[in-house]
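First up is the structure itself, then whatever we jot down about it.
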Amino acid sequence: MKRRTLAVLCSLSMLAVSAIGMTASAEGEKIALITMDSIDQHWVTLNEGAQAAAEELGATVEFMAPNTKDDSQQIECVNNAVAGGYQAILVAANGPDAISSALNEAVAAGVKIVYVDSPANVEAEATFSTDNKAAGTTAGEEMLKALEEKGITSGKIGIINVNAATDSCVMREEGFRAAFEGTEFELMETQYGEGDAAKSQSIAENYITQGVVGIFGCNEGSTTGAGNAIKASGNADIIGVGFDKSDAILNLIDDGYLLCTMAQNPDVMGAEGVKAAVAAINGEELGGAVTDTGVSVLTKNAEAETEEVTE
């Protein structure tokens with residue numbers, strides 16, 4: 001039922017493009033944007049960047065992501081983009097292995113692939129993403145510094161991730177764990193909330209009952225859930241650190257329930273991804289270049305730290 005519903009949604013998206021932009025599509029490049037879902041503010045902002053670049057370049061970008069993080073739904077969107085005659089696909093892979101077969105079929109059909117945020121295991125024209133491992137290490141260092149300032153040198157730390165497959169989030173966790181190597185802190189077994197804020201909150205609440213001193217969220221939903229759990233517990237001494245920028249996350253930081261978040265630049269990913277896709281469609285060789293789009297540390301009463309995490 002879920003796959004059938006998604007197929008209808010993706011098909012309707014393509015019909016809408018056909019109805020409102022047949023002439024424009026004939027004249028300009030036709031690009032599909034398929035992110036992990038269409039709900040997180042991160043993806044909405046990425047789409048805004050993509051649409052701005054498309055308007056500037058005279059291309060058409062259709063945002064046709066599933067409404068929830070699900071490999072089969074994302075694969076369905078890729079297949080529908082190929083069937084719909086899109087010349088390029090900008091994709092943030094939910095499961096890099098799961099989606100690879102569909103992307104290989106797209107490449108075989110002559111579709112150009114550009115990764116935004118999170119790559120799959122298929123060669124692409126270009127990739128625009130955060131250096132997630134470095135950013136994860138920065139998140140760990142921020143938490144470690146805050147704990148030490150409180151005089152806390154040991155204790156349990158919980159980690160909430162999306163799943164065990166999504167490349168970007170896996171790298172963030174690896175970087176975060178690396179920051180605590182050689183310390184007396186115990187990093188607990190990772191729990192997976194599928195990027196859902198409510199599920200992540202339940203996980204965080206369970207961590208809190210086990211006496212954690214810190215919680216790390218690997219994406220927007222994970223971070224929101226962690227902050228909400230800390231707020232509900234009434235224990236603002238727990239250090240919450242996460243990823244992504246949303247109104248909910250910024251409010252939790254301002255209210256003191258999260259220490260900081262690693263704010264990516266999804267608008268840059270979207271805009272540069274479209275530019276690369278247009279170039280590839282027009283025959284330019286991009287060589288699979290990987291571009292780090294940067295990250296900033298957002299804290300209470302501060303727009304951002306000036307330092308960007310780069311290789």
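Hydrogens, waters and symmetry mates play no part in the numbers below; they use all other heavy atoms, side chains included. Position 1 is the first residue of the sequence, and the numbers go up from there.
For the residue pair S154 and I152, the shortest heavy atom distance occurs at O-CG2, 3.3 Å.
Residues meeting the side chain to side chain donor-acceptor pair (under 3.5 Å) test with E123, sequence neighbours left out: none. Listed by chain and number, the residues in a side chain to side chain donor-acceptor pair (under 3.5 Å) with N163 are T166 (sequence neighbours excluded). Residues meeting the side chain to side chain donor-acceptor pair (under 3.5 Å) test with E194, sequence neighbours left out: K199. By the ring-ring contact (aromatic ring centres under 6.0 Å, His included) test, F185 is found to be paired with F180, residues two or more places apart in sequence or in another chain being considered. Listed by chain and number, the residues in a side chain to side chain donor-acceptor pair (under 3.5 Å) with N121 are D97 (sequence neighbours excluded). N47 pairs by the side chain to side chain contact (heavy atoms under 4.5 Å, CB included) definition with L33, Q51, F63, not counting sequence neighbours. Every residue meeting the side chain to side chain contact (heavy atoms under 4.5 Å, CB included) condition with D255, not counting sequence neighbours, appears here in chain and number order: Y257.
Looking only at distances, a side-chain donor or acceptor of N161 sits under 3.5 Å from a matching main-chain atom of C169. Remark: the backbone N or O of H42 is not paired with any side-chain donor or acceptor of D40 at under 3.5 angstrom. In this structure, the side chain of D167 does not engage the main chain of P119 through any donor-acceptor pair within 3.5 Å.
Listed by first and then second residue, the ring-ring contact (aromatic ring centres under 6.0 Å, His included) pairs that reach into residues 107-144 come to none, sequence neighbours excluded. The ring-ring contact (aromatic ring centres under 6.0 Å, His included) pairs that include a residue from residues 195-250 are F176-F216, where partners are two or more places apart or lie in different chains.
Checking S222 against R172 by side-chain atom types alone, no donor-acceptor pair falls below 3.5 Å.
Salt-bridge check for E141 with K145: failed, with every basic side-chain N at 4.0 Å or more from each acidic carboxylate O.
E184 CD: 12 or fewer foreign heavy atoms inside a 6.0 Å radius.
Counting Ile, Leu, Val, Met, Phe, Trp and Tyr side chains that sit under 4.5 Å apart, directly or through other members, V170 shares a hydrophobic cluster with M171.
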Would you tabulate the side-chain donor-acceptor contacts of residues 227-238 under 3.5 Å, counting partners in other chains and residues two or more places apart, or write 'none'?
{"unit_1": "N228", "atom_1": "ND2", "unit_2": "T224", "atom_2": "O", "d": "3.3"}
{"unit_1": "S233", "atom_1": "OG", "unit_2": "I230", "atom_2": "O", "d": "2.7"}
{"unit_1": "S233", "atom_1": "OG", "unit_2": "N235", "atom_2": "N", "d": "3.1"}
{"unit_1": "N235", "atom_1": "OD1", "unit_2": "D237", "atom_2": "N", "d": "3.1"}

Indicate every side-chain donor-acceptor pair of residues 273-283 with a distance under 3.5 Å to a residue at least two apart or in another chain.
{"unit_1": "K275", "atom_1": "NZ", "unit_2": "E272", "atom_2": "OE2", "d": "3.3"}
{"unit_1": "N282", "atom_1": "ND2", "unit_2": "E29", "atom_2": "OE2", "d": "2.9"}
{"unit_1": "N282", "atom_1": "ND2", "unit_2": "V278", "atom_2": "O", "d": "2.8"}

Tell me, with the steps shown, if D244 and Q41 meet side-chain contact (heavy atoms from CB on, under 4.5 Å).
-> CA-CA 9 Å; D244 294 328; Q41 200 164 325; over 6 Å; no
